[in-house]
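Okay, so here's the structure we're looking at.
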Amino acid sequence: MKNDDNSLLMRKIYYLLIVFSIIILSMCSYFYIRMGLDNKIKNVLDYESSSDINYKVYLKKNNFFNEEYLTMNKTYIASLIDHLDVIFTYNLKYSELVSGKYNYYVKATILADKDASSNTNYWSKSYILTEPETIEFSKINNYNITTSVIVDYQKYSDLLKEFRKEYGLSITGLLKLELIVESETKSELIENVANINSSSELTIPLTEQAIELSINAENDSNSGSIVEEVVLDNIKYKIFLVLGTILGVLAIILLGIFIYELIMLYKSKSKYAIELKKIMSAYDSIIVNVSSIPNFNKYKVINVLSFDELIDAHSEVRMPINYFEEKPGCKSVFVLINGDIVWMYTLLDENYRKRILKKKS
């Protein structure tokens with residue numbers, strides 16, 4: 001009995017070692033695979049752009065203003081405007097040295113809108129005021145653009161008047177000036193070409209009436225980052241992946257063995273339990289539960305191979321069959337005693353039987 005208890009204890013320790021090994025192998029596999037996949041770095045190129053717009057409003061000859069032009073941020077009488085002198089300034093800064101090229105130009109767009117608060121646009125037409133200019137640069141961390149245009153205010157005002165006169169619409173007219181900057185950038189950090197596009201905008205109201213108007217300048221300030229993920233080609237990451245995969249496979253194999261043994265254990269115990277229940281149900285009237293089995297050294301012991309043989313012996317001697325479960329869930333003993341003869345049938349769990357045979361060998 002003591003040996004059986006030791007065997008059961010060893011079996012439990014064996015299962016615990018398998019479970020512990022599966023957990024350790026799985027954790028190590030996850031750790032190494034994660035290290036193997038951590039072979040990417042992010043290269044970041046930060047940039048910040050800023051712009052400024054300055055303008056002068058030149059006046060027609062008149063009897064009221066002595067100045068040749070008016071400066072920024074004032075209110076102007078539309079009928080007195082001759083032209084505008086507009087200066088765009090643009091600056092783009094990078095966090096690293098870069099190379100590439102940029103091109104820029106100034107565009108004017110006439111907009112005939114339904115009214116100032118509506119997004120409805122009846123008509124628009126764009127004009128390129130300066131030809132696109134392309135500048136190449138190498139290993140710099142910023143560049144500046146300064147360009148100026150002269151805007152013939154009356155020319156665009158007259159175009160809008162013609163449109164309104166021909167179609168008889170009540171419209172709000174605007175002239176939008178834009179500095180368009182388009183850049184293509186490369187750096188030692190970023191392999192691919194980075195495109196950064198910006199614009200600065202000046203909005204000028206157009207009207208045929210001699211009313212006051214104001215000019216709005218929108219200075220664009222923009223910042224951002226260009227992120228590129230780079231895969232590192234280093235042998236250590238491949239080693240980590242291979243090692244993690246091997247450990248993962250070992251964990252899966254051990255898990256398979258553990259599940260298989262549990263299934264076999266369950267099946268064997270189920271067969272034992274089914275057989276025991278069948279015997280106890282069918283022959284309950286002739287079976288007596290006893291607390292222990294006496295020593296049969298002075299008896300002639302006949303070990304039968306099946307319970308049916310024990311029933312045949314019972315039919316002859318008409319004595320009750322003693323039952324004792326020597327090892328709960330593993331071993332049951334059925335004994336028939338008549339005089340000095342003992343017929344004995346032992347019901348064993350299959351795994352328990354294998355452990356006994358293994359010890360004997």
Side-chain angles (χ1 to χ4, degrees), residues 1-28 250-361:
M1 184 73 71
K2 186 175 181 180
N3 290 334
D4 292 338
D5 291 339
N6 290 336
S7 177
L8 183 61
L9 178 61
M10 293 301 295
R11 196 72 179 171
K12 289 181 179 178
I13 293 174
Y14 168 72
Y15 285 135
L16 286 174
L17 285 175
I18 290 182
V19 172
F20 182 74
S21 298
I22 291 171
I23 294 172
I24 294 299
L25 287 172
S26 300
M27 291 176 64
C28 291
L250 289 176
I252 292 171
I253 292 173
L254 277 181
L255 180 62
I257 293 173
F258 181 67
I259 293 173
Y260 173 78
E261 293 207 6
L262 287 180
I263 292 173
M264 292 298 101
L265 181 63
Y266 173 77
K267 285 183 177 180
S268 65
K269 285 189 175 181
S270 295
K271 288 179 181 179
Y272 170 84
I274 291 171
E275 183 65 22
L276 181 61
K277 184 178 180 181
K278 180 181 176 182
I279 292 172
M280 299 302 289
S281 298
Y283 303 103
D284 180 64
S285 59
I286 61 173
I287 294 177
V288 177
N289 292 322
V290 295
S291 60
S292 63
I293 296 294
N295 192 315
F296 295 128
N297 290 336
K298 296 181 180 180
Y299 291 79
K300 181 182 178 181
V301 179
I302 301 172
N303 289 300
V304 298
L305 298 178
S306 68
F307 192 80
D308 291 336
E309 293 183 46
L310 197 62
I311 293 298
D312 292 338
H314 167 76
S315 300
E316 294 181 7
V317 299
R318 298 293 176 179
M319 296 294 289
I321 298 173
N322 299 291
Y323 161 69
F324 173 67
E325 190 169 26
E326 185 176 317
K327 190 71 176 176
C330 296
K331 182 179 181 180
S332 292
V333 180
F334 297 88
V335 178
L336 177 64
I337 304 173
N338 184 37
D340 60 347
I341 300 175
V342 174
W343 287 269
M344 182 181 295
Y345 171 68
T346 303
L347 178 64
L348 292 175
D349 167 65
E350 184 61 24
N351 284 333
Y352 183 73
R353 184 183 67 81
K354 289 179 180 179
R355 291 200 298 269
I356 294 174
L357 292 175
K358 189 175 181 181
K359 285 181 182 179
K360 290 180 179 180
S361 62

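- With Lys331 as the partner, the side-chain contact (heavy atoms from CB on, under 4.5 Å) test is satisfied by one option alone out of Leu348, Leu347, Asp349: Leu348.
- Val301 places a side-chain heavy atom less than 4.5 Å from the side chain of Asn303.
- Two residues are said to be in side-chain contact when any heavy atoms from C-beta on lie closer than 4.5 Å; Asn338 and Trp343 meet this criterion.
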With a cut-off of 3.5 Å and sequence neighbours excluded, list every side-chain donor-acceptor pair involving residues 279-297.
residue: Ser281; atom: OG; partner: Lys277; partner atom: O; Å: 2.8
residue: Asn295; atom: OD1; partner: Asn297; partner atom: N; Å: 2.8
residue: Asn295; atom: OD1; partner: Asn297; partner atom: ND2; Å: 2.8

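- For the side-chain contact (heavy atoms from CB on, under 4.5 Å) with Val335, the lone residue among Leu310, Thr346, Val342, Ile321 that qualifies is Val342.
- Here Ser332 pairs with Tyr272 under the side chain to side chain donor-acceptor pair (under 3.5 Å) rule; sequence neighbours left out.
- Qualifying side-chain contact (heavy atoms from CB on, under 4.5 Å) partners for Leu305, counting only residues two or more places apart in sequence or in other chains: Glu309.
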Under 3.5 Å, which donor-acceptor pairs do the side chains of residues 312-319 form with other protein atoms, sequence neighbours left out?
residue: His314; atom: ND1; partner: Met319; partner atom: O; Å: 2.6
residue: Ser315; atom: OG; partner: Ile311; partner atom: O; Å: 3.0
residue: Arg318; atom: NE; partner: Ser315; partner atom: O; Å: 3.4

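- If you run side-chain contact (heavy atoms from CB on, under 4.5 Å) between Phe20 and each of Leu16, Ile24, Ile23, only Ile24 comes through.
- Listed by chain and number, the residues in a ring pair (Phe, Tyr, Trp, His ring centres under 6.0 Å) with Tyr14 amount to none (sequence neighbours excluded).
- Counting heavy atoms from C-beta outward, Tyr323 and Leu276 have side chains that approach closer than 4.5 Å.
- Taking a 6.0 Å sphere around OH of Tyr299, one finds it holds 12 or fewer heavy atoms contributed by other residues, nucleotides or ligands.
- For the pair Leu25 and Ala251, the tightest heavy-atom approach, listed with the atom from each and the gap, is CB-CB, 3.7 Å.
- Residues meeting the side chain to side chain donor-acceptor pair (under 3.5 Å) test with Glu275, sequence neighbours left out: none.
- Counting heavy atoms from C-beta on, the side chains of Val333 and Met344 come closer than 4.5 Å.
- Side-chain contact between Ile263 and Phe258 is absent, with no heavy-atom pair separated by less than 4.5 Å.
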